[in-house]
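Presented below is the structure to which this report refers.
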Amino acid sequence: MTSAPTRPARSVTAPARTGAPLPPQADLARSVEVLRLLADPTRLAVLALLEGTEMSVSALAAAVDRPVPAVSQHLAKLRAGRLVTTRRDGTTVHYAQANEHVAALVANVLHHAEHTLYDVPPHHR
């Protein structure tokens, strides 16, 4: 009886790493929290509506066709996650994107989604 030929052992060392250094674990964990906040259609829509402007809870609720209390809860999560800021004007609270990084993140995720859905994404038309 003949035995099957043996294969040479594979190297168990990791391949050389190129590119950017690995981010610290705390940064990765926080990034995952931010992505989880964006992983809700209502919250993502609210953030998209806030690009370059500020809006009240009632205006946002009307725009996303959701009840004010529901949108208010989403805004509370976005505020806790530091993705939106607030400005009070009398009894009205106006919400805005926290900074240009939030704006870029929202735009990029929406643009990426368009690339997966369309031959020619709407943002390229």
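Hydrogens, waters and symmetry mates are skipped; everything else that's a heavy atom, side chains included, is used.
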Heavy-atom pair of closest approach, residues Leu110 and Ala48: CD1-CB, 3.9 Å
Are Thr86 and His94 close enough, and set up right, to give a side-chain contact (heavy atoms from CB on, under 4.5 Å), and what steps lead you there? CA-CA 6 Å; Thr86 60; His94 297 275; over 6 Å; no
Please round to the nearest 0.5 Å and tell me the distance separating atom CD of Glu33 and atom CZ of Arg82. 10.5 Å
Give the C-alpha distance, both sets of side-chain angles, the deciding distance and a yes or no for side-chain contact (heavy atoms from CB on, under 4.5 Å) between Gln97 and Leu83. CA-CA 6 Å; Gln97 290 179 345; Leu83 296 176; over 6 Å; no
Same hydrophobic cluster for Leu75 and Val68, using side-chain heavy-atom links shorter than 4.5 Å among ILVMFWY? yes
Reported NZ-to-OG1 distance for the pair Lys77 and Thr42, which is rounded to 0.5 angstrom: 10.5 Å
Step-by-step side-chain contact (heavy atoms from CB on, under 4.5 Å) determination, Arg125 to Tyr118: CA-CA 11 Å; Arg125 296 180 191 157; Tyr118 307 102; 4.3 Å; yes
CZ (Arg30) with more than 12 external heavy atoms under 6.0 Å: yes
List the steps, then state whether side-chain contact (heavy atoms from CB on, under 4.5 Å) holds for Val109 with Leu35. CA-CA 10 Å; Val109 74; Leu35 292 172; over 6 Å; no
Is there a side-chain contact between Asp27 and Pro24 (heavy atoms, below 4.5 Å)? yes
Ring-plane angle category for His115 and His124, please: parallel below 30°, perpendicular beyond 60°, tilted otherwise. perpendicular
Rounded to the nearest 0.5 Å, the NE2 atom of His123 sits from the NE2 atom of His111 at a distance of 5.0 Å
Taking every non-hydrogen atom, the tightest pair across Met55 and Leu50: N-CD2, 3.7 Å
Flag yes if more than 12 heavy atoms outside Asp65 fall under 6.0 Å of its CG atom; otherwise flag no. no
Kindly indicate whether a cation-pi arrangement holds for Arg87 with Tyr95, taking the cut-offs as under 6.0 Å to the six-membered ring centre and within 45° of the axis. no
Closest heavy-atom contact between Gly90 and Arg88? O-CG, 3.2 Å
Nearest heavy atoms of Ala61 and Val71, plus distance in Å: CA-CG2, 3.7 Å
So Leu105 and Val34, do their side chains get closer than 4.5 Å, heavy atoms only? yes
Mind listing the closest non-hydrogen atom pair of Leu28 and Pro23 along with its distance? CD1-O, 3.8 Å
Under a 4.5 Å cut-off applied to non-hydrogen side-chain atoms, are Val106 and Glu51 in contact? no
As an exercise, state the distance from CG of Asp89 to CD of Glu54, rounded to the nearest 0.5 Å. 8.5 Å
Can you give me the closest heavy-atom contact between Ser56 and Thr92, atom names plus distance? CB-CG2, 3.8 Å
